[in-house]
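Below you'll find the structure, written out as structure tokens, and then a few comments.
Source: prediction; values computed, not measured. Below, read A as the first sequence line, B as the second, and so on, with proteins coming before strands; counting in each chain starts at 1. All values below were derived from every heavy atom in this structure, side-chain atoms included, with hydrogens, water molecules and symmetry-related copies excluded.
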Protein chains: 2
Amino acid sequence: MPRTRQPAHRHVASVTRALTLLDVLADGQEFGTNEIARRTAINASTVSRLLATLAAGGIVEHVPSTGRYRLGMRLLQLGNAVLERLDLRDIARPHLEALVEATDETATLSLPGERFAVTIDFIQSPSSVQSIARVGRPSVAHATATGKVMLAFGEIELPTGRLESFTARTITDHQALAAEVERVRRRGFGQTIGEREEGLNAIAFPVWDDQARLAAIVGVQGPAPRFGSKAMRRAVGPLGEQAAAISRGLGWRRNEAVDR
Amino acid sequence: MPRTRQPAHRHVASVTRALTLLDVLADGQEFGTNEIARRTAINASTVSRLLATLAAGGIVEHVPSTGRYRLGMRLLQLGNAVLERLDLRDIARPHLEALVEATDETATLSLPGERFAVTIDFIQSPSSVQSIARVGRPSVAHATATGKVMLAFGEIELPTGRLESFTARTITDHQALAAEVERVRRRGFGQTIGEREEGLNAIAFPVWDDQARLAAIVGVQGPAPRFGSKAMRRAVGPLGEQAAAISRGLGWRRNEAVDR
DNA sequence: GCAGCTTATTGCCTCAGGGGCAATTGCATG
DNA sequence: CATGCAATTGCCCCTGAGGCAATAAGCTGC
């Protein structure tokens with residue numbers, strides 16, 4: 001099996017355009033053809049034809065009653081195919097449970113991505129009614145504990161564009177972010193205090209694969225009144241332990257999986 | 001808001017091709033460019049460029065170590081965006097729980113699609129170790145209880161192509177299928193006995209929306225030794241009740257949602 | 001280590017097919 | 001009833017997508 005020529009391809013414009021449509025639809029709302037055309041600056045006739053093509057593949061669906069389009073069922077299937085291969089989840093699950101047991105807060109497992117980390121599993125705190133985690137949800141790099149861990153330990157450079165502000169405490173300055181990432185690196189874990197969402201605090205630890213590269217990120221998050229600095233400090237120990245335990249689990253699994 | 005011209009569009013070929021690639025990748029395996037090219041009868045250079053385009057959008061990812069491609073994280077996000085809008089799930093959840101409580105078997109909730117139904121939620125039987133349900137999994141129309149309900153009560157015509165055989169009991173004859181569907185219609189629910197999978201039995205009921213159209217399908221399934229004909233007969237009552245309860249729930253919700 | 005296989009990617013050329021415009025149809029609104 | 005906006009489609013032109021062949025990079029067996 002040959003390898004390793006880095007793809008620096010000519011892209012297929014119509015496919016790129018189709019993906020742009022999905023960007024618009026990704027927030028869960030329904031949109032009309034013209035609405036999408038306006039938001040993407042693609043000609044409405046083109047949008048109409050692209051949507052029809054995507055609809056034929058089940059990627060989007062046409063809602064007859066409104067004449068608008070939304071994401072289709074096929075995406076459920078595809079999304080789940082992705083989930084199925086993440087055996088990482090199976091390994092990590094008991095540790096997430098242990099974490100919730102120990103901290104009484106919501107525990108999350110995320111995978112580092114290109115620009116943000118993606119939640120692939122979580123266990124809700126028994127005390128939280130409202131869901132604050134969701135599979136597939138992106139963790140913004142500069143404003144979440146998970147994201148900071150990704151920046152600190154993943155092999156990626158810091159974001160260069162504008163840093164979106166979510167609350168008054170969000171780090172929006174590149175210098176400050178670099179310093180914070182350095183702190184995370186030294187301290188070994190990431191932390192946010194109301195930077196992504198008012199009153200939401202979190203800490204997150206890296207999970208390493210057998211090559212000592214960032215494989216995943218585990219985090220604990222909770223509402224400020226309950227999960228304040230004291231509770232966070234108490235949670236650091238258990239979280240670090242469980243993160244390490246998952247790393248060890250990955251090691252075994254990897255070794256088993258190596259077949260050559 | 002204008003409406004209702006039925007799209008009978010010219011499709012965009014490159015996008016269709018891109019979707020074909022996803023078909024191949026959908027089973028969860030990794031594939032190389034040439035491998036995919038062979039399976040889809042698309043030229044390898046085209047496949048290479050399409051994959052690069054999809055990879056740029058996060059729909060697939062390039063695994064550097066093997067040089068192959070697999071489905072990407074973005075699909076998690078998109079799949080979950082679909083799930084988020086299915087408030088049907090929230091309505092149905094307690095009823096699924098009640099069903100598991102009553103029958104001790106796995107309960108599923110599915111949405112009728114074009115050619116098959118899609119599982120959108122389920123609760124595992126406490127007695128089953130092995131998972132026999134999964135979100136996003138398609139229920140074949142002619143070989144599952146859920147699928148039969150879809151054929152019987154959805155506004156779609158029976159499949160015309162070859163009926164794939166999964167076990168010795170799978171209905172593969174169109175006449176026989178028509179008769180079975182008619183029986184489902186009269187009896188009010190669907191049933192399969194080892195037709196989709198050896199030793200797996202199931203029954204399924206329709207859920208109606210306020211327009212008396214098929215909105216969803218609830219089912220109960222279990223292994224033959226435990227969930228035999230007697231157990232199935234016992235399960236019919238509770239299943240029918242819960243299905244009706246969900247239909248009522250939908251009614252309320254719809255009425256609340258109507259804003260014009 | 002070399003010869004010969006396979007695989008992935010890219011340059012180049014050509015022409016099919018995709019994009020844009022404008023016309024058409026269908027609703028909605030005043 | 002007139003006007004306006006949305007969605008789709010016919011048509012034409014030209015771009016950009018696809019195919020071929022060349023190239024690069026492994027991997028396999030000897």
Any donor-acceptor pair under 3.5 Å from B:Ser165 side chain to B:Thr167 backbone: yes
When you match B:Glu35 and A:Thr46 each to their closest nucleotide on DNA chain C, which lands nearer the 5' end? B:Glu35
When you match B:Leu50 and A:Thr33 each to their closest nucleotide on DNA chain D, which lands nearer the 5' end? A:Thr33
Only one of B:Thr20, B:Asn34, B:Ile36, B:Val24 clears side-chain contact (heavy atoms from CB on, under 4.5 Å) with B:Val47; which? B:Ile36
Nearest-Å distance, CZ (B:Arg68) to C1' (C:dT6)? 13 Å
Partners of A:Ser14 by side chain to side chain donor-acceptor pair (under 3.5 Å), sequence neighbours excluded? B:Ser14
Under 4.0 Å from OP1 or OP2 of D:dC20: is there any side-chain N or O of B:Asn43 that close? yes
Hey, is the side chain of A:Tyr69 poking within less than 4.0 Å of OP1 or OP2 on D:dA6, counting only N and O atoms? no
From C-beta outward on B:Ser45, which listed nucleotide comes closest to its side chain: D:dC20, C:dT9, D:dT8? D:dC20
Quick one: salt bridge (Lys or Arg N to Asp or Glu O under 4.0 Å) partners of A:Glu198, sequence neighbours excluded? none
With a 3.5 Å distance limit and no angle check, can you tell me whether A:His142 reaches the backbone of A:Leu151 through a side-chain donor-acceptor pair? no
Compare all side-chain heavy atoms of B:Gln77 with those of B:Met73 and state whether any distance is below 4.5 angstrom. no
Taken in chain and number order and not counting sequence neighbours, the residues that satisfy ring pair (Phe, Tyr, Trp, His ring centres under 6.0 Å) with B:Phe116 are none
Between the base of C:dG17 and the side chain of A:Arg49, is there a donor-acceptor distance below 3.5 Å? no
Side-chain contact check for A:Val12: nearest option of D:dG18, C:dT7, C:dT10 is D:dG18
For A:Arg70, what residues pass the salt bridge (Lys or Arg N to Asp or Glu O under 4.0 Å) criterion, not counting sequence neighbours? A:Glu30, A:Glu61
Rounded to whole Å, how long is the line connecting atom CD of B:Glu30 with atom P of C:dA8? 12 Å
Between A:Ser48 (side chain) and A:Ala44 (backbone), is there a donor-acceptor pair under 3.5 Å? no
In whole angstroms, how far is the P atom of D:dC5 from the CZ atom of A:Arg38? 10 Å
Taking CG from A:Leu51 and P from C:dG18, how many angstroms apart are they, rounded to a whole number? 15 Å
note: B:Ile42, atom CD1; D:dC20, atom P; distance rounded to Å ~ 14 Å
Nearest of D:dA6, C:dT9, D:dT8 to any side-chain atom of A:His62? D:dT8
What's the CG-P distance between A:Asn34 and C:dC27, to the nearest Å? 16 Å
Name every residue in residues 14-26 of chain B that has at least one heavy atom under 4.0 Å from any atom of DNA chain D, in order of residue number, or write none if there are no such residues. B:Ser14, B:Arg17
Atom-pair distance (CZ on A:Arg39; P on D:dA6), nearest Å: 13 Å
Mind telling me whether A:Trp208 and A:Phe153 have parallel, tilted or perpendicular rings, with 30° and 60° as the class edges? perpendicular
Could you give the angle between the helix axes at the two ends of the helix from C:dG1-D:dC30 to C:dG30-D:dC1, with five pairs per end, rounded to 10 degrees? 50°
